[in-house]
There are 2 protein chains.
Amino acid sequence: MDDLADLAPARPGGAGRPRGDTRERIQAVALDLFAERGYEATSLREIAERLGVTKAALYYHFKSKEDIVRSFTEDYLGELDALLAWGAAQPRSAATRAELLTRYGDIVGRRLGVLRFLEQNRAALDHLLSEHGGPDRKQWLRAQFEALRDLLVPPDATLRDQVRASMAVASVGIGCMHYHQVADQAELRDIVLEIALDLTGSAPSTP
Amino acid sequence: MDDLADLAPARPGGAGRPRGDTRERIQAVALDLFAERGYEATSLREIAERLGVTKAALYYHFKSKEDIVRSFTEDYLGELDALLAWGAAQPRSAATRAELLTRYGDIVGRRLGVLRFLEQNRAALDHLLSEHGGPDRKQWLRAQFEALRDLLVPPDATLRDQVRASMAVASVGIGCMHYHQVADQAELRDIVLEIALDLTGSAPSTP
DNA sequence: ACCTGAACACCGTTCAAGT
DNA sequence: ACCTGAACACCGTTCAAGT
């Protein structure tokens, strides 16, 4: 049920296994509470109490509340950046579009917990992610969203095609997230990609 | 600007307008800040300072911070409830679907500021709107979203058709909101509705 | 290395008191 | 009716101190 398995601490100190798993437990509890009740509405006291430590103890593992968020979002954001870089280097063909949407679905599908957190905390995020990437990183998520959309349409696309490309991107994210509890995730992926490809297929109005 | 006290009654019977417009100014400033920086991240001190009053003054006009939110969301939520009630009483035809999506677009288009606030503050909202409607009103927005979706598909619809209907609803909201700055809003409405109707049109797989 | 206790300024909320 | 000043418990954060 948790997708935090791949969040290794990457702590220095040679070959010694860091026996304290407190850091990872903080991440797991925080992602859970932040996604469910919201980032601002969740206090560090709640997180600490759930783990049986004091508030101050959290500050040994993370330098701030925002830092906890970064620790489980940066991987996702990095993968998205990589996808955008790859897409920018490809020809703007139908095959590229299909590949972009498929890979995007993979990234999203692998980190549904993080995506749910992002969706639920949009307002808090612009303020949170200002460190990631450049300096003027307000509206970060939106910028990434639009970058992906722009790879799906020619630079001079009509408003109609832009909107349709936007909805293609949104379909993948919203579809995977909203239906994350369905049994057959492979079927869901097919459905979502069919919608997304429909929307980016040129076919202006011919039946 | 002198002292001749206006002993005006200040309460002309029925729904008397309080001559001070402080209440509405609070609403406007709050909606603005809540949508931009987020509900939790915006303090009452900021709102009060912008209006040149003290924090405590806000509590004369609203009984809590949440109450300010309710004051500008209840109209929108009421209209949605009315639409759902209307839809539930209609036959589940293609004409009804088109009408539902069109009316939904009208409601959304008329209150983009509120919708933007709702989208940006999803996490805070479940906690906020627990008063509205019944007692167990957690996940309120989601419940309304799914109710609208369910009016667009038969009760035994396939997963594919359910997902497509979800995306139809989402298209209207996201499309209107994401492209709220475009000049020709009528054109946008047509584009968004075309997408939504495409997605709810039965056409299983025939091109 | 890992954590605590006490302190800091700030938050939403209340309330007696002013006009 | 409309607003203020001071108080309340809580928040994120810091830091000297403990093991």
Side-chain angles (χ1 to χ4, degrees), chain A residues 9-27 29-30 33-34 37-71 121 123-125 127-128 130-131, chain B residues 1-27 29-30 33-34 37-71 121 123-125 127-128 130-131:
Chain A
R11 218 108 45 94
R17 279 231 169 275
R19 262 276 50 88
D21 55 347
T22 311
R23 192 185 146 94
E24 287 132 77
R25 289 170 65 225
I26 293 172
Q27 286 176 313
V29 169
L33 289 174
F34 288 168
R37 318 189 186 171
Y39 170 75
E40 316 261 10
T42 303
S43 73
L44 294 182
R45 181 182 49 73
E46 288 177 279
I47 297 173
E49 262 171 15
R50 227 179 236 219
L51 296 169
V53 295
T54 59
K55 251 189 341 173
L58 306 180
Y59 281 85
Y60 175 73
H61 299 280
F62 299 94
K63 69 183 225 280
S64 69
K65 193 182 181 186
E66 302 188 10
D67 196 42
I68 302 178
V69 169
R70 274 185 231 111
S71 77
N121 294 278
L125 282 170
H127 176 246
L128 280 177
S130 43
E131 246 92 324
Chain B
M1 213 67 82
D2 62 21
D3 49 334
L4 271 204
D6 48 327
L7 353 145
R11 227 177 339 156
R17 275 238 170 280
R19 269 275 52 91
D21 57 346
T22 311
R23 192 185 147 91
E24 287 131 76
R25 288 169 66 224
I26 293 172
Q27 286 177 311
V29 169
L33 289 175
F34 289 167
R37 316 185 188 176
Y39 171 74
E40 316 261 11
T42 303
S43 73
L44 294 182
R45 182 182 48 74
E46 288 177 279
I47 297 173
E49 262 171 14
R50 228 179 235 220
L51 296 169
V53 296
T54 60
K55 248 188 346 172
L58 305 180
Y59 281 84
Y60 175 73
H61 298 279
F62 299 94
K63 71 183 222 281
S64 69
K65 193 183 181 185
E66 303 188 9
D67 196 43
I68 303 178
V69 169
R70 274 185 231 111
S71 76
N121 294 277
L125 282 170
H127 177 246
L128 281 176
S130 43
E131 247 91 325

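Proteins get letters first, then strands, A, B, ... in listed order; numbering begins at 1 in each.
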Exercise. What nucleotide among D:dT14, C:dC3, C:dT13 has an atom nearest to a side-chain atom of A:Tyr59?
Worked result: D:dT14
Problem set entry | Selection from D:dC3, C:dG12, D:dC11 that lies nearest to any side-chain heavy atom of B:Thr22 | D:dC3
Exercise. Out of D:dT4, C:dA1, D:dC10, which nucleotide sits closest to the side chain of A:Arg45?
Worked result: D:dC10
For this session: Report the nucleotide, chosen from D:dC2, C:dA1, D:dG12, that has the shortest atom-to-atom distance to any side-chain atom of A:Ser43.
Result: D:dG12
Problem set entry | Sole candidate of A:Leu58, A:Val53, A:Asp21, A:Leu44 that passes side-chain contact (heavy atoms from CB on, under 4.5 Å) when paired with A:Ile26 | A:Leu58
For this session: Round to a whole Å and report the spacing from CD of A:Glu66 to P of D:dC11.
Result: 18 Å
Exercise. Whole Å only: how far is the NZ atom of B:Lys55 from the P atom of C:dT13?
Worked result: 10 Å
Exercise. Between D:dC15, D:dC3, C:dA1, which nucleotide gets closest to the side-chain atoms of A:Ala56?
Worked result: D:dC15
For this session: For A:Glu40, enumerate each residue passing the side-chain hydrogen bond (donor to acceptor under 3.5 Å, both in side chains) test, keeping only those at least two apart in sequence or located in another chain.
Result: none
For this session: Ignoring hydrogens and angles, tell me if any N or O in the side chain of A:Arg37 forms a donor-acceptor pair with the backbone of A:Thr42 under 3.5 Å.
Result: no
Exercise. Counting side-chain heavy atoms from C-beta on, which of C:dC3, D:dT13, D:dT4 comes nearest to A:Ser64?
Worked result: D:dT13
Problem set entry | Canonical and wobble pairing (Watson-Crick, G-U, under 3.5 Å) of DNA chain C, dot-bracket with | | ||.|||||...|||||.||
For this session: Would you kindly give the CG-to-C1' distance between A:Asp67 and D:dT14, to the nearest whole Å?
Result: 15 Å
For this session: From the options D:dG12, C:dC10, C:dC15, select the nucleotide whose nearest atom is closest to the side chain of A:Lys65.
Result: D:dG12
Exercise. Counting N and O atoms only, with roles assigned by atom type, does the side chain of B:Lys55 sit under 3.5 Å from a partner on the main chain of B:Ser43, one being a donor and the other an acceptor?
Worked result: no
Problem set entry | Side chain of A:Leu44 - closest among C:dC10, D:dT13, D:dT4 | D:dT13
For this session: Before accepting this row, confirm whether a basic side-chain N of the pair A:Glu46/A:Arg50 lies closer than 4.0 Å to the acidic partner's carboxylate O.
Result: no
